[in-house]
Every structure is written in structure tokens, then in C-alpha cells.
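In what follows, chains carry the letters A, B, and so on, assigned in the order in which the sequence lines appear, proteins first and then strands, with residues in each chain numbered from 1. Only a predicted model underlies this, so the values are computations on that prediction, with no experimental measurement involved.
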Number of protein chains: 2
Amino acid sequence: MTAPIDPAAIVCPVPSDDRERVTLAHGAGAGASARLFETLLWPRLGNAALAPRHDGAILAAGDAQLAFTTDGFVVSPLVFPGGTIGSLAVHGTLNDLAMCGARPLALSCALVIEEGLPMATLERVIDSLAAAAREAGVPVATGDTKVVERGKGDGLFVTTTGVGVVEGGVALRPDRVRAGDAILVSGSIGRHGAAILSVREGIDFESDIVSDSAWLGPLVAALLEAVPDAHCLRDPTRGGVGAALHEIARGAALEVEIDDGPIPIDAPVRAACELLGLDPLFLACEGRCLAFVAERDADRALAALRAHPLGRDAARIGRVLEGPARVCVRTRTGARRLLVLPAGDPLPRIC
Amino acid sequence: MTAPIDPAAIVCPVPSDDRERVTLAHGAGAGASARLFETLLWPRLGNAALAPRHDGAILAAGDAQLAFTTDGFVVSPLVFPGGTIGSLAVHGTLNDLAMCGARPLALSCALVIEEGLPMATLERVIDSLAAAAREAGVPVATGDTKVVERGKGDGLFVTTTGVGVVEGGVALRPDRVRAGDAILVSGSIGRHGAAILSVREGIDFESDIVSDSAWLGPLVAALLEAVPDAHCLRDPTRGGVGAALHEIARGAALEVEIDDGPIPIDAPVRAACELLGLDPLFLACEGRCLAFVAERDADRALAALRAHPLGRDAARIGRVLEGPARVCVRTRTGARRLLVLPAGDPLPRIC
């Protein structure tokens, strides 16, 4: 039985001034952010293309099915272990296209630069953006540059938009998820969030944590070749695996259950989370994907992921159940607990 | 004879710290901004799609020709006479599609919000964004919201990206401009820039100056129906008619000559410019277009523009000549002067 979706049931209470002014929590990719979408943006902008609330929209153009997706990047610092805001802006948007099963056609890139940004920093970021686009074989076909006064920005914000072509037969959407589906993750979780945190807080962990930021196109292509009927993919970026599972549960109007044991987490990430009291389930990944596939396809999907370098730590982490739109964690002892979305944002500006 | 393009010949000297750090001038849409593109962005990101340096890129997808364009909006204030950053972000990007001769398919919208923005302001901006998109019949198909800490932004930045379909036979590009082409403008110039200036500086002009911000799709459709072989269109936004003419002159590698007399300028805009020592040729428009058409099509094009409410003040303002890539103004006495691009930005954050 599926109950109606009540966001209030799965997130913490609304902070008091949260209705009058925008707070950092509105950018968290989870509770308050979802509320901003539901109460302010959706009523004004809602339309059929926006309705599936997926990482990208699907549009028809002539005989082509297009995928179309955008993301603003405000990560701080601009340069971090494993990437820069430039490579992240390419990976993030290209991965959103990949989650739609689309072959990328082109990227656009709009820069908002704060006056005084060292030209050397801009060069480094654009070098890394260009290298990431080149690696994926995708042209940055159009762009824009704006400059704001000192103190009115924070170095550099980058918005990338991607357009791609969905090849025939692929249909990856939350509403295709079915009770009984298996849930896979393509690799260890939370490395991007932990990497940003480690540089931002100046924390020295036993070993360096490097962001997992990567282009998932080839990994997704391998998965879709093995399992063309995959139901839904999602890259667990802002808000991590926890927020992504909540979004899918709501989009599918089904219950998502994950197991506490098999989720791959690298030891330094686990140590960082323990030190800082963070749940790795809510730490951003930028080079991982969740895959929802029919139970009969699960082993084939897992094998396809593991055969690719980006997916060698892939694991089966849970299943979809008939039930209300919520996320539960089954512990090793068999007990179940609700996975509650944090109301605030423990890690603002992670992407 | 066409000389090689030497940007140094048509802009003022480079300010001294301009090579070490990003300055406001790099956002001006003219001299330093062009230099940033030429020296930093183009060498790293250059590709065939970006090469025409038009308002948008043209991509092939199946049997469809797509236009793809993006713009970041940082206008201050967020609400101004005649619009908001939301309506401006829709008009600006849809107009760039129109300049490619494309029918819009969809918009994306990425918000970067500063913590503390009053929810009422956000609502007003999104209302106005939604109304502009609805008027044009274009869905906002996908989007993103990020929040940055207080003092790390300036209320709200909006990046919109548009994807559209170029209908068969239309080819609007700077490199299609020919010596002998007539240059038309669709209406009075500089109203957007003057409107922003008037509220920002708190100046009371004899009458209110309202931004010309508007969607040009229907006007362009009427023009292309009358003159399907129009060579190039350009909306003279940041940097105004002056910067737009320079860009076309460089893209076409030809000389552009405009006449001092016939350029339509509303009296309050002219008065504001005289008061403030600004040249209306460099004031932004957000609901005007320049059209380059063959001489034999000029009267038909002008009549088509004038028959539409947005083009009733359309005028023929100049011509394209064999000659170096530069812009000249022919005064009423027949003398000619070079139109030099300002090195700085007299009006930062105009869009």
C-alpha cells in the first residue's frame, strides 16, 4: 500500500525563520531544499517536463529525444584534492545526462566571477574544466562571463548546462522503479564530501581523502549494455546517498530499504565521519551512481559495474518495497529504522 | 580589403592590474571582456561549435538543428522598472535563441541565492520569471538551487540556458554578413541600461525610464517570414549597440558604418546620457535587435519590423563596407570617426 507523500513526515521540523528568509538549509539538497521546491518553485514553474523531478528533463526535437540538465556550482574551496570547481561542473552536469541515459552533445558554461579573483586561479579552473570536457569528448559550445564587485560573490560560481541525446529504448526515471527492484551503488560513498571537508576544516586524516569526482558516462554505458531495461539511475551528489534515496522513494511513491552492512565506505571517510559526527549516507559523491534494476537483472548489472574501473567496488545495498514513500535502514540485527533527512545542511557548498 | 583583426587597435589600453586579477571591466561585454575570452577562455575551450562566437551554438541532433545558449544574470537591483532579474533571465536567453533563428523548446534555470534573501523577493522574482516564460510558451524544464553564506553573494544570481530548434533554411551568423548589407535596429536604444541606472543612482529623470526588456521571438518570426535570407541578428545587451556592432564587425571581418542621425533614442534616455556623460550607443537594450540584411531586402525587412508592436520605431542605421574589422560613425556633416570600445565598464551588472 502506498501512502500519500507527506514531506513533513520524513524531515525534521522547519526552523522558525525559514519561512521568511532563505537559509543555508534551503541549499542542502534535502529537507528544506525540497520544501523550497514544493512550496515556491513548483507552484510557479511546474510543467510536464519538470514533473518527473529527475536530474534532467526529456524533450522531443524532431526525431530525437533530448536530455537537458543544469547545475550551479558554488563549491568552496575552488580547488580541492581530486578536482576544481571546473572539473566538478563538467562531471556533475555530464553525470546528470548519464543518469538520463543520454549521450552528451554539448555543454554550456556561465561564470560569475568576483572582482579580484587571481587570473592564475581562473586559469587553473578553466584548465581543469577543459580537461574534463575533453576527456568526455564533449564541447563547451557556448558560455557567458559576468563579474561582480568585490564582496558580492565568492571567487567564482560556475553554472553548466548539458544537452544530450537519449538513445532508443532507454527510459530511466523514478516512476519506473518497482517494488522488488534491487538497489546497487557503483562504489564507495562520501569521498567528495569528506575531501571538501578535510581541506575546508584543515583536518589531517591518516591518509589524504581525494574526491571521487569523475565522469560516469562509460560506466553507465556498460551498465545499460548489460541491462538495457534498468529502471532508474541517480548520482548521489548534494545530500549524498540518503537524499538521493529519499528523492527516488518519493518519485516512485514506494519504500526504499537499504542494509547497514554492505554499503562500501573507504576507511578514511569512515574515520572522518566518526570524528566529526557525520553520517556518510549524507556525504556527497561526485563519481558514483545508484542503480535501480529488476531483481532478475541485479547480478548482471552488478557484474557489469564491477567490470569497469569506476565500478570495481560496486555493491548491492538494498531493495524497493511496497509501502509509503520513505527510506528505511535494516541493521545487521534485522531491526529497521527510518532514515530521517537532516533539516539543516551539515556541509554547505559541497558542490 | 580586410585587414587582420587586431583587438588592440579598437579598444583602449589595458589597465595595469588587469592581467593579474579579474576586474569589473572583464564583465563589460566589450574590450577587456573580449580580451578575457581571446586570451584565457578560447585557447582552452575553443572548438568548432564555439567558433562562430554568436549568441548561441548550433548543434545537430538526429534530423534536428538545435540552438543552445546560456547567460548568467547578476543585475542589481533585482527588481527594476519594467522587470526583475527573473523576467530578464528569460527574455535574455530566449532572445539569444531568437537571434539564432530558433524556436525555443525549453529553458533551464539555476539560482545562486545569498542566505538571508527575503522569501518575498524570491517569490516576486520567480513570479516574474514564470510569467515571462509563460508568455513565450516555453517550459522551465529543469533547474537547480544553491545557497551561499551571507556576504558571499548578492541576493540572487540567475543562470538560464535555452535550447531551441532552428527551422530549415534559416542561417543567421556573423560570417554571413556581406559588404553592402544594410543594418537595421528594431527600436529605440539604451532603455534597459538607463532604467537600471536611474534606480541604482536614485536619479529622477523628467519621466520614468522603463526597461525595454521583452521577448523578441514574434518580432524575429515576422522579420524572417518577410526576409528568410536575413544574414545576421544580434540583441545589443551588455555593451549596447556599440559592443554588438564591434562583435559583428569582427565576426564578419568587415567594416561597419553607422549614421549618427537615424538611431532612435527616447528623449529621457538621451537626457540621462547627457547628464551622466554616457554614450547611448553603449547602453544595454534587452528588447531590441540589430538586423543585417542584403540591401535588396532592407525595405521589406524594415516594413516587417515596423508592422509589429515591438518594432514600430525600427530604423535603418548603417551599412557594411569592405574594410578592416572596425566600427565607424558617420556624422551628419559626413565626417567619420572610429567608435572606440570603452576599456572599463561604465555600468557594471546591467544584466
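Only the backbone of B:Leu107 comes within less than 4.5 Å of a heavy atom in chain A; its side chain stays farther off. For B:Leu117, the parts sitting under 4.5 Å from any heavy atom of chain A are the backbone and the side chain alike. Heavy atoms closer than 4.5 Å to chain A are found in both the backbone and the side chain of B:Phe68. The part of B:Ala60 that comes within reach of chain A is its backbone (N, CA, C, O), which places non-hydrogen atoms under 4.5 angstrom from that chain. Looking at A:Cys109, the atoms closer than 4.5 Å to chain B (heavy atoms on both sides) all sit in the backbone: N, CA, C or O. B:Val148 touches chain A through backbone and side chain together, each having a heavy atom under 4.5 Å away. Proximity to chain A (any heavy atom under 4.5 Å) is shown, for B:Ala133, by neither the backbone nor the side chain. Only the side chain of B:Leu111 comes within contact range of chain A, with at least one heavy atom under 4.5 Å from a heavy atom of that chain. Looking at B:Val140, both its backbone and its side chain come within 4.5 Å of chain A, counting heavy atoms on both sides.
Top candidate by heavy-atom pairs under 4.5 Å with chain A, chosen from B:Leu59, B:Asp127, B:Leu122, B:Leu105, is B:Asp127. Taking B:Leu129, B:Ile58, B:Leu40 one by one and counting their heavy-atom pairs under 4.5 Å with chain A, the maximum is reached by B:Leu40. Considering only heavy-atom pairs separated by less than 4.5 Å from chain A, the leading option among B:Thr159, B:Val112, B:Leu41 is B:Thr159. For chain B, the option among A:Val165, A:Leu66, A:Asp96 with the highest count of heavy-atom pairs below 4.5 Å is A:Leu66.
Checking each of B:Thr70, B:Val163, B:Thr69 against A:Ser108 for a side chain to side chain contact (heavy atoms under 4.5 Å, CB included) leaves exactly one that passes, namely B:Thr70.
Taking every heavy atom of both residues into account, A:Ala110 and B:Gly72 meet most closely at CB-N, 4.1 Å. Here the shortest heavy-atom pairing between A:Asp63 and B:Ala61 reads OD1-O, 4.5 Å. Taking both residues in full, the closest heavy atoms of B:Gly56 and A:Thr142 are given as CA-OG1, 4.1 Å, listed atom of the first, atom of the second, then distance. B:Arg349 and A:Glu149 get closest at one heavy-atom pair: NH1-OE1, 2.7 Å. Closest of all the heavy-atom pairs between B:Ala130 and A:Leu45 is CB-CD2, 3.6 Å. Taking both residues in full, the closest heavy atoms of B:Thr145 and A:Arg238 are given as O-NH1, 2.6 Å, listed atom of the first, atom of the second, then distance.
Around CZ of B:Arg124, the count of heavy atoms belonging to other residues, nucleotides or ligands within 6.0 Å does not exceed 12.
We find that B:Arg21 and A:Glu115 are not joined by a salt bridge, their nearest charged nitrogen and carboxylate oxygen being 4.0 Å or further apart. Salt-bridge formation is not detected for the pair B:Lys152/A:Glu114: no Lys NZ or Arg NE/NH1/NH2 atom is positioned less than 4.0 Å from an Asp or Glu carboxylate oxygen.
Without hydrogens or angle criteria, A:Asp154 side chain to B:Gly153 main chain gives no donor-acceptor distance under 3.5 Å.
With a 4.5 Å cut-off on side-chain heavy atoms, A:Lys146 and B:His26 do not count as touching.
Atom CD1 of residue B:Ile126 and atom CH2 of residue A:Trp42 lie 14.5 Å apart, to the nearest 0.5 angstrom.
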